[in-house]
Amino acid sequence: QILPKLLLDIMDNSYHLTKIHYCLQQLLNTSSEQNEFWCLADVVLQMKDGVLHAHSLLLSSRCLFFQVALKKEWRTINEKGMAFINMNDISSASTGSMTCILKYMYGVPYDEIFDNISRSQETEITQFFLDVLELCDELNIECFKNYVESVAVRYISGETVVPILI
């Protein structure tokens, strides 16, 4: 019942150029709350530590990496008919870092993207932000990379960087 309304809102707002970012956020929120919604997701992102699902239209329109990866010549289709992107070779690709990038792509406000990060030590937080930065670089998402740099600088100090380098 809520899904058709969301899809109609996205279509309607895209024509009128209003509230499209809000509709995309609702799409992301709804998809993470209702497992059956993922049947509408048509991309599987495989990372070393798990799998995420997303929508090819959104991925390819927001990121050149995914635009190329989802072209007919390059994409792999899994047994369920979904595009499959294996990101295991990208060392910084984890479900945590990719979730933050998906939040960015789905229009979640910047100040809410990192809300669910739970790291106990500042060294872990610093390493997480460095991984997100590296993934942004791999995926060529400059705008979000600039924002992540501004957030990461708050956590970088001699105490947090030295253990990472050792």
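Only heavy atoms go into these numbers, but all of them, side chains included; no hydrogens, no water, no symmetry mates.
The side chain to side chain donor-acceptor pair (under 3.5 Å) search around Thr95 returns Asp49, not counting sequence neighbours. Under the ring pair (Phe, Tyr, Trp, His ring centres under 6.0 Å) criterion, Phe129 pairs with Phe114, Tyr155, not counting sequence neighbours. Applying the side chain to side chain donor-acceptor pair (under 3.5 Å) test to Ser56 and every residue at least two apart in sequence or in another chain returns Asp42. Partners of Val153 by side chain to side chain contact (heavy atoms under 4.5 Å, CB included), not counting sequence neighbours: none found. With sequence neighbours left out, Asp115 forms a side chain to side chain donor-acceptor pair (under 3.5 Å) with no residue at all. When the side chain to side chain contact (heavy atoms under 4.5 Å, CB included) test is applied to Ser60, the partners found at least two apart in sequence or on another chain are Gln67, Leu70.
Using a 4.5 Å heavy-atom cutoff, the side chains of Val148 and Tyr110 are not in contact. Contact annotation: the side chain of Met98 approaches that of Leu45 to within less than 4.5 Å [non-hydrogen atoms, C-beta and beyond]. Residues Glu112 and Lys103 have side chains not in contact (no heavy-atom distance under 4.5 Å, counting atoms from C-beta outward). Looking at heavy atoms from C-beta onward, His53 lies out of side-chain contact with Val43 at the 4.5 angstrom threshold.
Contact record, Glu134 with Ser91: OE2-OG, 3.1 Å, taken as the closest heavy-atom pair. When all heavy atoms of Ala83 and Ile77 are compared, the closest pair comes out as CA-CD1, 4.0 Å.
Annotation: side chain to side chain donor-acceptor pair (under 3.5 Å) contacts involving residues 76-89, sequence neighbours excluded, comprise Asn86-Asn88. Listed by first and then second residue, the ring pair (Phe, Tyr, Trp, His ring centres under 6.0 Å) pairs that reach into residues 69-105 are Tyr104-Phe144, sequence neighbours excluded. Judged as a salt bridge (charged side-chain N to carboxylate O under 4.0 Å, His left out), the pairs with a partner in residues 140-157 (not counting sequence neighbours) are, in order, Asp137-Lys145.
Using modelled atom types, no side-chain atom of Ser97 and backbone atom of Ala93 make a donor-acceptor pair closer than 3.5 Å.
Rounding to the nearest 0.5 Å gives a distance of 3.5 Å between CG of Leu135 and CD1 of Ile101. With rounding to the nearest 0.5 Å, the separation of CD in Glu124 from CG in Asp131 is 11.5 Å. Rounding to the nearest 0.5 angstrom, the gap separating the CZ atom in Phe66 from the CG atom in Asn140 is 12.0 Å. Of the inter-residue distances, the one linking Ile141 atom CD1 with Asn146 atom CG reads 12.0 Å to the nearest 0.5 angstrom. Between Leu102 atom CG and Arg62 atom CZ the span is 11.0 Å, to the nearest 0.5 Å.
Residues Ser92 and Glu138 have side chains that never bring a donor and an acceptor to within less than 3.5 angstrom of each other.
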